[in-house]
Amino acid sequence: MVNKLFLIDGVRKFLLYLIARMLISFFTLIVGLLRHQYNKGIKKKGVYQMERTLVIIKPDGVRRHLIGRIIQRFEEKGLAITEMKFATMTKELAQEHYHHLSGRSFFDELIDYMTSGPVVYLVLAGEDVIDIVRKMVGATKAVDAVPGTIRGDYALPGTENIIHASDSRDAATNEINRFFPLFDTKKQKSEIVHPE
Ligand code: IDP
Ligand code: MG
């Protein structure tokens with residue numbers, strides 16, 4: 001009799017366990033479907049999972065009154081500007097920013113150039129924005145920069161080449177944090193609305 005009761009109790013527990021597992025699976029499926037639909041809706045509305053990149057209009061770009069024309073290119077492309085700042089770079093920040101070039105013969109000249117006057121810092125956001133902006137910026141050396149790119153249209157041979165743009169996700173994160181130390185990535189992390 002006692003054995004029978006234990007058996008019934010065991011079967012009941014097993015059934016409850018099965019029902020609980022089925023309910024969990026069912027809710028997981030529903031949540032997955034809802035998230036899928038939500039993401040589809042977001043894409044349709046022009047809101048994307050996005051990347052960010054740091055752009056610097058260098059001192060020669062500012063001196064040559066190219067700020068407006070450069071920003072216009074990014075706006076016309078449809079990229080969102082999420083941060084913007086006008087300031088002169090300190091020597092310490094310039095050395096940190098170009099630390100990977102510290103052994104090169106042109107390093108001191110590069111630091112003098114980057115600290116020679118105010119620059120414009122921009123954070124641009126959008127899908128694949130890092131690669132898109134690098135393509136818009138063009139090759140480092142003026143002789144290689146294709147016409148139609150910013151450097152191709154405005155830069156001549158030498159250290160001065162108008163503009164900087166992050167070249168990878170890691171670089172973008174480091175550079176945004178370097179020049180916008182109060183930047184709150186969490187605040188705007190998930191989505192950004194593109195300009196119409
Ligand atoms: P990037 O700006 O296209 O990413 P990097 O190789 O990271 O190119 O170089 C950083 C900056 O250092 C360049 O934008 C340019 O101002 C300067 N630079 C790079 N290579 C040379 C060079 O061979 N001679 C003089 N200046 C250079
Ligand atoms: Mg670089």
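As the structure lists them, so they are numbered: ligands from 1, and atoms in each ligand from 1.
Heavy atoms only, all atoms of each residue included: Thr115 and Ala94 are closest at CG2-CB, 3.9 Å. The minimum heavy-atom distance between Tyr113 and Pro59, with the atom names listed, is O-CG, 3.2 Å. Residues Ile162 and Arg64 share a closest heavy-atom pair of CD1-NH1, 3.5 Å. Here the closest non-hydrogen pair linking His97 and Phe179 is ND1-CE1, 3.5 Å.
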Between ligand 1 and the protein, tabulate every N or O atom pair separated by less than 3.5 Å, reporting distance only.
| unit_1 | atom_1 | unit_2 | atom_2 | d |
| --- | --- | --- | --- | --- |
| ligand 1 | 2 (O) | Arg151 | NH2 | 3.0 |
| ligand 1 | 3 (O) | Thr140 | OG1 | 2.5 |
| ligand 1 | 3 (O) | Arg151 | NH1 | 2.9 |
| ligand 1 | 4 (O) | Arg134 | NH1 | 2.9 |
| ligand 1 | 4 (O) | Arg134 | NH2 | 3.4 |
| ligand 1 | 8 (O) | Thr140 | OG1 | 3.2 |
| ligand 1 | 14 (O) | Lys58 | NZ | 2.9 |
| ligand 1 | 14 (O) | Asn161 | OD1 | 3.4 |
| ligand 1 | 14 (O) | Asn161 | ND2 | 2.8 |
| ligand 1 | 16 (O) | Lys58 | NZ | 3.2 |
| ligand 1 | 16 (O) | Thr159 | O | 2.6 |
| ligand 1 | 16 (O) | Asn161 | OD1 | 3.4 |
| ligand 1 | 23 (O) | Lys141 | NZ | 2.9 |
| ligand 1 | 26 (N) | Thr159 | OG1 | 3.3 |

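Between Lys58 and Glu160 no salt bridge is recorded (no basic side-chain N to carboxylate O distance below 4.0 Å). Using a 4.0 Å cut-off between charged side-chain N and carboxylate O, Lys135 and Asp131 make no salt bridge.
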